[in-house]
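The chains referred to below are lettered A, B, ... by the order of the sequence lines, with proteins before strands, and numbering in each begins at 1.
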Amino acid sequence: MPTAPLHDWNLAPRDAIALQKRLAGRVERADRLAPVRHLAGVDIGFEQDGAITRAAVVMLAWPPDEDGVFKVVEQVVHREPTRMLYVPGLLSFREVPAALAAFERLRVTPQLVMVDGQGIAHPRRIGVASHLGLWLDLPTIGVAKSRLCGRHGEPGPARGDWTPLVDGPDDEVIGAVLRSRVKVKPIFVSPGHRVSLPTALDWVTRCLGRTKLPEPTRLADRLASRRDQKRGE
DNA sequence: GCGACAG
DNA sequence: ATCTTGTCGC
């Protein structure tokens, strides 16, 4: 468990930003992961006009079978009153608390976690994926459906094609824009914690089925927004 | 001052 | 994020 406060969800925006600046220095960008046996996907959804926050974690066994199908080892959903409103750049203060509560109920500990959102592809280099990884003390990868910051060209048309996402005056590489499916808008992959960009891209690519999102993220997405049982209520 | 802006 | 039917395509 971390010593200094890695998270405080009662902070005013300016204090939250100050905290992010301090924590950014602790985010590790080099690989430091154990052999992967379990991979988790995390996502947050909302109910009742945003009043209820719904965190979902799906635990998958690695590797998948010959057909690329992953075995779901565990599944957790945690609901709680929403803490604060969405502010670009401060997403973790809204979503991490619920995600942590969901993780506490897990029986299995994963060696890698894919988070719906940015990792270091963030103004202060600490998006939700990095922040959650720091708190959980686990390797994480950020998988986002759109851009928060940075510049990039158009990735090639083939599945797996990608272009770097750069930011700052010195064109620092903070992530990759990946064509996960042909003829579909690309996704944004970035290192969260303890993972390099090449490794992040490698894992995301290996978890791609025939869908736009990698399996861990896709399944967590589905569970968080109830797209699985929504019919018949 | 004017845009941009993960989920 | 969420509200939602049909429709186009493999």
Next item on the list: Give a yes or no on whether Arg206(A) atom CZ has more than 12 heavy-atom contacts from other residues, nucleotides or ligands under 6.0 Å away.
Entry: yes
Notebook entry, point to check: More than 12 foreign heavy atoms under 6.0 Å from CG of Asp49(A): is that the case here?
Noted result: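 Check fails, neighbour count at 12 or below.
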Please give, in whole Å, the distance from [N] [atom2] to [X] [atom1]?
X	N	atom1	atom2	answer
Asp116(A)	dA1(C)	CG	P	7 Å
Leu85(A)	dA6(B)	CG	P	14 Å
Asp43(A)	dT2(C)	CG	P	8 Å
Gln20(A)	dC5(B)	CD	C1'	14 Å
Ile174(A)	dA6(B)	CD1	P	13 Å
Tyr86(A)	dA4(B)	OH	P	15 Å
His152(A)	dA4(B)	NE2	P	14 Å
Asp167(A)	dA4(B)	CG	P	16 Å

Item checked: 4.5 Å side-chain heavy-atom contact, Ile141(A) and Leu201(A) ->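 Ile141(A) vs Leu201(A): side chains apart.
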Notebook entry, point to check: Do Leu208(A) and Arg181(A) have side-chain heavy atoms sitting under 4.5 Å apart?
Noted result: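 Leu208(A) does not reach Arg181(A) side chain to side chain.
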Check: Is the distance between the ring centroids of Phe93(A) and His131(A) less than 6.0 Å?
Finding: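 Close enough - the centres of the two rings lie under 6.0 Å apart.
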Notebook entry, point to check: Where along residues 142-151 of chain A does a heavy atom come under 4.0 Å from DNA chain B, residue by residue in number order?
Noted result: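 Ala144(A), Lys145(A), Ser146(A), Arg147(A), Leu148(A), in order of number.
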Next item on the list: Test Asp43(A) against Arg222(A) for salt bridge (charged side-chain N to carboxylate O under 4.0 Å, His left out), laying out the working first.
Entry: CA-CA 9 Å; Asp43(A) 187 36; Arg222(A) 213 179 54 170; over 6 Å; no
Next item on the list: Begin with the C-alpha distance, continue with both residues' side-chain angles, and end with the deciding distance and a verdict on salt bridge (charged side-chain N to carboxylate O under 4.0 Å, His left out) for Arg179(A) and Glu154(A).
Entry: CA-CA 9 Å; Arg179(A) 184 80 63 190; Glu154(A) 181 74 11; 3.0 Å; yes
Check: In dot-bracket form, how is DNA chain B paired, counting a Watson-Crick or G-U wobble pair only if both its distances are under 3.5 Å and using | for bases paired to another strand?
Finding: .......
Notebook entry, point to check: Looking at residues 181-188 of chain A, who's got a heavy atom less than 4.0 Å off DNA chain C?
Noted result: none
